Amino acid sequence: MENVILVIHLILALCLIGIVLLQRSEGGGLGMGGGGDVMTGRAAATALGKLTWIFAIGFLCTSLTLTVLARRDAATSSVMDGVTIEETAPAETTTPALPSGDSLLPPSADAPIEAPRAD
C-alpha cells in the first residue's frame, strides 16, 4: 500500500511541476502581477489554476498519508534492532620497561662536573 501511495505522490509532484510551469507569468514577482478585474484586483480562476489546486491538495494528502504510514511502521521497530554487539577480548597492554631509577634523576650537588672532551 505504501508503494502505491508513493507512486501516486511522485506522479502528483511531476504533474504539479508541469502545471505550474505551463501557467502564464504575470510579471512582477511574489504575486504582484496585474490582470483580472479592475474592481477586485483578483484574476479569474482558469482551468490551469484549478488543476494546480487539485494537484496541490492531492500532493498534500499523499504527503500526510505517507507520514502517518511511516510513523506507524516506526513505532513497531527501531534502528537498533539490527545492530549486533560482538564482545572482543581486551587487547593485552604491555607497559614499556622503565629505565633504572638513577638515570632519571638529576645529578646530585656532590657529583663532580666533568668537562666535555673532544675525542
Side-chain angles (χ1 to χ4, degrees):
M1 176 167 162
E2 190 172 346
N3 289 336
V4 173
I5 295 174
L6 184 61
V7 169
I8 293 171
H9 183 73
L10 293 175
I11 291 171
L12 284 172
L14 292 175
C15 290
L16 189 60
I17 290 170
I19 288 294
V20 168
L21 290 176
L22 285 175
Q23 291 182 11
R24 181 177 66 89
S25 173
E26 296 180 358
L30 300 175
M32 299 170 85
D37 199 308
V38 176
M39 296 297 286
T40 62
R42 182 174 161 174
T46 62
L48 288 178
K50 290 179 184 178
L51 276 176
T52 303
W53 275 102
I54 291 170
F55 287 148
I57 290 170
F59 182 81
L60 290 175
C61 289
T62 56
S63 295
L64 290 173
T65 305
L66 286 171
T67 303
V68 169
L69 290 176
R71 179 64 185 141
R72 185 184 65 190
D73 292 341
T76 59
S77 65
S78 173
V79 175
M80 295 302 292
D81 290 342
V83 175
T84 58
I85 299 174
E86 297 178 8
E87 296 208 17
T88 58
E92 292 184 26
T93 57
T94 57
T95 56
L98 295 175
S100 65
D102 295 339
S103 64
L104 294 177
L105 298 174
S108 64
D110 305 355
I113 301 176
E114 296 180 16
R117 292 184 287 172
D119 293 358

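Because only heavy atoms are used, hydrogens play no part in the values below, and waters and symmetry mates are left out as well, while side chains stay in. Along the sequence shown, residues are numbered consecutively beginning with 1. Quantities reported herein were computed from a predicted structural model and do not represent experimental measurements.
In this structure, V68 shares a hydrophobic cluster with no other residue, the cluster being traced through Ile, Leu, Val, Met, Phe, Trp and Tyr side chains under 4.5 angstrom apart.
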What donor-acceptor contacts under 3.5 angstrom involve side-chain atoms of residues 47-64, with partners at least two apart or in another chain?
| unit_1 | atom_1 | unit_2 | atom_2 | d |
| --- | --- | --- | --- | --- |
| T52 | OG1 | Q23 | NE2 | 2.4 |
| T52 | OG1 | L48 | O | 2.7 |
| T62 | OG1 | H9 | ND1 | 2.7 |
| T62 | OG1 | G58 | O | 3.1 |
| T62 | OG1 | F59 | O | 2.9 |
| S63 | OG | F59 | O | 2.9 |

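Distance check: M1 CE to L66 CG gives 9.5 Å after rounding to the nearest 0.5 Å. Note that CG of L69 and CG of N3 are 10.5 Å apart. Values are rounded to the nearest 0.5 Å.
Take I17 and apply the side chain to side chain contact (heavy atoms under 4.5 Å, CB included) test, not counting sequence neighbours, and it matches L21.
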